[in-house]
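Just so we're on the same page: letters track the sequence lines, and every chain starts at 1.
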Number of protein chains: 2
Amino acid sequence: MNPRGTAASALLGAVLRHGPVARTTIARLTGLSPAAVTRNCAALAGLGLLTEVAGPLPYRGMGRPHTPVDVETGRHLVAGIHIAHEHCTLALLDLRGRVRARLRVPHRDPDDHEDVLATAADRLVRLHAEHLPGHVPLGLGVAAGGWVDTEAGVLVEHTSLGWRDVPVRDLLAARTGLPVLVDSHARALARAEQLFGAAGHHESLVHLFVGNVVDAAIITGGGTHRGARSAAGGVAHLALGDPAIDCPCGRSGCLEATVSDRAWAWRAYEAGVISRPSITELGDAAVAGNAAATALLVERTRIVARAAALLFDIVNPDVVVVTELGVIRLPECARALRAEVAASARVCPSPSAVLPSSFGPDVLGVAAGAVQLDAIYADPLNLRNPIRLGV
Amino acid sequence: MNPRGTAASALLGAVLRHGPVARTTIARLTGLSPAAVTRNCAALAGLGLLTEVAGPLPYRGMGRPHTPVDVETGRHLVAGIHIAHEHCTLALLDLRGRVRARLRVPHRDPDDHEDVLATAADRLVRLHAEHLPGHVPLGLGVAAGGWVDTEAGVLVEHTSLGWRDVPVRDLLAARTGLPVLVDSHARALARAEQLFGAAGHHESLVHLFVGNVVDAAIITGGGTHRGARSAAGGVAHLALGDPAIDCPCGRSGCLEATVSDRAWAWRAYEAGVISRPSITELGDAAVAGNAAATALLVERTRIVARAAALLFDIVNPDVVVVTELGVIRLPECARALRAEVAASARVCPSPSAVLPSSFGPDVLGVAAGAVQLDAIYADPLNLRNPIRLGV
DNA sequence: GGCACTTCGTTGCACCGGGCAAAAAAGTGG
DNA sequence: CCACTTTTTTGCCCGGTGCAACGAAGTGCC
């Protein structure tokens with residue numbers, strides 16, 4: 001009745017969501033028969049993805065006690081590389097998406113993509129050998145801003161780095177011996193939120209990312225929506241920004257041109273709020289209590305919220321997650337976001353429908369690894385075939 | 001390897017798309033094995049959904065000739081009821097979505113939903129008995145503007161009719177004895193376009209409907225996206241309209257308030273272009289060569305196109321279909337639509353990515369029936385169980 | 001301790017749907 | 001009538017699931 005691996009995938013997902021949990025409960029949660037649960041648990045345990053835990057069993061007075069199963073986080077891991085403007089973020093995650101090791105590697109020569117990727121791969125191998133040599137790496141996920149062709153594993157265009165048609169997957173696979181999956185920033189984050197985030201595990205989700213790039217990702221019941229040209233989620237040039245600001249795209253008032261980290265930091269710098277045009281500095285100032293800095297970040301949040309409201313109306317997802325510095329670091333911004341979305345959206349969202357991102361400073365590493373974890377969770381039994389070790 | 005009925009569904013879909021077609025070709029198109037094609041064809045033929053046709057066989061010189069199969073349009077039909085402001089449109093469609101009989105039934109008392117629905121049901125039964133008594137009805141689809149809860153089959157809110165929480169499905173099922181499915185206007189049309197429209201059979205599609213209601217529907221790889229509250233596609237209150245026009249929602253500049261049929265007809269009337277505030281009259285005038293009328297409709301199209309471009313950027317579907325009077329009836333509007341979308345969208349759409357609706361005056365009937373046809377095409381073997389005749 | 005009772009987990013069996021491969025069918029050309 | 005080609009069917013096996021019976025692991029009562 002189900003596609004191959006679907007049962008195992010649903011089962012693994014239920015275990016991920018509901019912590020250590022008894023097989024009977026899994027059956028109830030997934031709609032599978034107890035028999036199927038047993039069999040799939042055995043299969044997944046055989047692959048090292050699940051374990052029986054001797055957890056504290058809250059015995060319920062009658063009957064045979066539970067023997068809870070849980071995700072096995074001690075045997076495998078997944079690697080992630082996030083490619084940013086100035087550095088790569090490397091991360092090793094366990095199967096619950098928790099960061100077990102992390103490293104930031106600045107680009108030696110940003111123009112030389114081969115060097116950047118080779119360095120990242122080598123450092124990743126070392127990171128693994130030094131920190132978690134006992135864990136078997138299952139794969140490598142790569143997240144990058146810009147235009148990514150997921151199918152081909154190619155970074156088609158990364159504007160700020162100036163890369164074009166870089167075969168990221170093949171380069172990294174050759175260097176690490178791992179299966180590599182590449183996806184865009186926003187989509188990776190969206191999936192990470194859905195799998196591991198505080199957002200819960202809603203069926204549909206929209207992720208709005210605001211950094212130097214402004215991008216959105218849409219997940220519906222059918223999975224991540226990539227769009228005809230892998231270009232879905234193009235909110236960068238919505239006319240929600242300051243009409244006085246010209247955008248490289250040729251028009252003015254574009255969202256990205258107005259609220260990108262660079263643009264906003266510059267604005268704060270010019271206003272004399274901070275001493276260098278750096279968004280981090282602006283955030284630090286606001287956290288430290290600088291009222292002008294806070295006000296500026298709240299103002300940015302208000303603009304971002306209009307985009308969130310738009311997405312909310314058009315896609316009507318269960319939840320909209322926003323990754324933006326202010327929203328993550330300042331409660332004032334989180335409040336402003338909710339208030340503004342509630343005011344602009346047509347269908348009034350419940351307060352829990354608009355959430356800041358859940359991954360603090362690890363966002364990027366989690367996102368990258370999530371690309372690979374997503375694939376594993378989608379078809380866990382597939383690990384049978386390509387048992388490739390290599391790092 | 002596939003969910004139940006998926007193979008049959010894919011097969012039927014391929015036959016629908018590629019006209020009479022040989023089994024081998026179907027296997028190639030669907031990726032199924034020839035054996036599976038044979039078996040599923042037999043099953044579907046047994047249900048009366050497919051037939052072997054003795055078509056003109058273009059023999060290719062060697063080997064056993066094709067025996068093409070095609071959708072069986074002579075045995076079954078599907079009924080549709082579209083509920084509009086002043087009347088219901090009834091239609092009987094064959095399995096290719098072609099209208100075989102049609103009837104428009106004005107509401108006797110628009111406030112009395114029971115009477116409206118009962119009348120429609122009775123007239124539908126009569127329509128069937130008079131025109132196509134030999135065809136077995138498989139089900140009834142209902143499309144309505146406003147807020148529809150598809151699960152429950154309830155019309156939650158129809159603003160212009162003032163209906164609230166009308167259990168459309170149960171009322172009509174009781175009266176006709178047919179399985180009834182209800183969905184919103186835009187989603188029904190979107191599905192109709194995808195199944196039967198000139199839009200081809202793209203995986204992802206956005207439908208923008210502009211009538212007295214402005215609404216959009218999103219279909220992605222995973223199917224029609226309904227959203228958390230069945231409210232996806234809420235473009236009515238995007239701030240793309242005339243900021244001077246107040247909307248009942250409390251804000252101003254809303255798209256619907258500006259470009260709805262009613263609003264625009266009124267505008268044309270006040271400008272002295274037509275003698276009554278009727279959008280049909282405006283359309284007729286434009287078709288007859290009235291330059292002012294044409295200009296007004298083109299102007300509306302431009303505004304509508306901005307919404308289309310927005311949807312194009314955010315969702316990035318294979319194709320955007322627009323159902324709006326001007327675009328359908330006037331080549332000038334169709335051209336303006338394409339030009340404006342190309343100018344406003346960030347990712348430049350190919351010319352064929354923005355299309356006017358394909359169903360001329362039958363739109364509404366087709367849309368309604370498509371709700372049911374969609375379900376049949378999604379799981380054709382399911383007809384085994386509820387073989388309910390009744391009309 | 002033994003037994004009834006309850007709930008959890010497993011195992012045996014049949015079924016469904018699909019792929020593979022061999023066979024049958026339906027043409028043409030010699 | 002036979003060789004040849006391509007389409008279609010049939011037989012067989014296999015993976016995965018549900019159902020139902022069974023085994024397991026506790027408590028509580030006598």
Looking at the side chain of A/Arg39, which of D/dT7, D/dT9, D/dC19 is the nearest nucleotide?
D/dC19
Return no unless some side-chain N or O of A/Thr67 is found under 4.0 Å from OP1 or OP2 of C/dC8.
no
Answer yes or no: does a side-chain N or O of A/Thr24 lie under 4.0 Å from OP1 or OP2 of C/dG9?
yes
Once you round it to whole Å, what is the distance between C1' of C/dA25 and CD of B/Glu52?
13 Å
Ignoring the backbone of B/Ala7, work out which of D/dA25, C/dG18, C/dG27 is nearest its side chain.
C/dG18
Exercise: identify the closest heavy-atom pair between A/Thr220 and A/Ser204
CA-CB, 4.1 Å
Spacing of B/Arg28 atom CZ relative to D/dT8 atom P, expressed in whole Å:
11 Å
Set of side-chain hydrogen bond (donor to acceptor under 3.5 Å, both in side chains) partners for B/Ser33, sequence neighbours left out
none
Determine the contact category for B/Ala35: base if any of its heavy atoms lies under 4.0 Å from a base atom, sugar-phosphate if only primed atoms, P, OP1 or OP2 are that close, otherwise nothing.
base
Distance check needed: D/dT8 C1' versus B/Leu32 CG, whole Å only.
15 Å
Compare the minimum distances between each of C/dG19, C/dG9, D/dT8 and the side chain of B/Ala22, then state the nucleotide with the smallest one.
D/dT8
How close or far is atom C1' of D/dT10 from atom CZ of B/Arg23, stated in whole angstroms?
14 Å
Nearest whole angstrom, please: distance from the P of C/dC8 to the NE2 of A/His66.
6 Å
Can you measure from CG (A/Leu381) to OG1 (A/Thr6) and round to the nearest 0.5 angstrom?
10.0 Å
Please give me the minimum heavy-atom distance between B/Ala7 and B/Asn40, naming the atom from each residue.
CB-ND2, 3.9 Å
Write down the protein N/O and nucleotide N/O pairs, taken from nucleotides 2-6 of chain C, whose separation is under 3.5 Å; answer none if there are no such pairs.
unit_1, atom_1, unit_2, atom_2, d
C/dT6, O2, A/Gly63, N, 3.1

Over all strands shown, is B/Thr38 touching base, sugar-phosphate only, or nothing at heavy-atom distances under 4.0 angstrom?
base
Nearest-angstrom distance from the residue atom CG of B/Leu381 to P of C/dC16:
13 Å
List in chain and number order the residues that pass salt bridge (charged side-chain N to carboxylate O under 4.0 Å, His left out) with B/Arg75, two or more places apart in sequence or in another chain; answer none if no residue qualifies.
none
Looking at CG of B/Leu11 and CD1 of B/Ile26, how far apart are the two atoms once the value is rounded to the nearest 0.5 Å?
5.0 Å
For the residue pair A/Gly48 and A/His76, what are the closest heavy atoms and their distance?
O-CD2, 3.3 Å
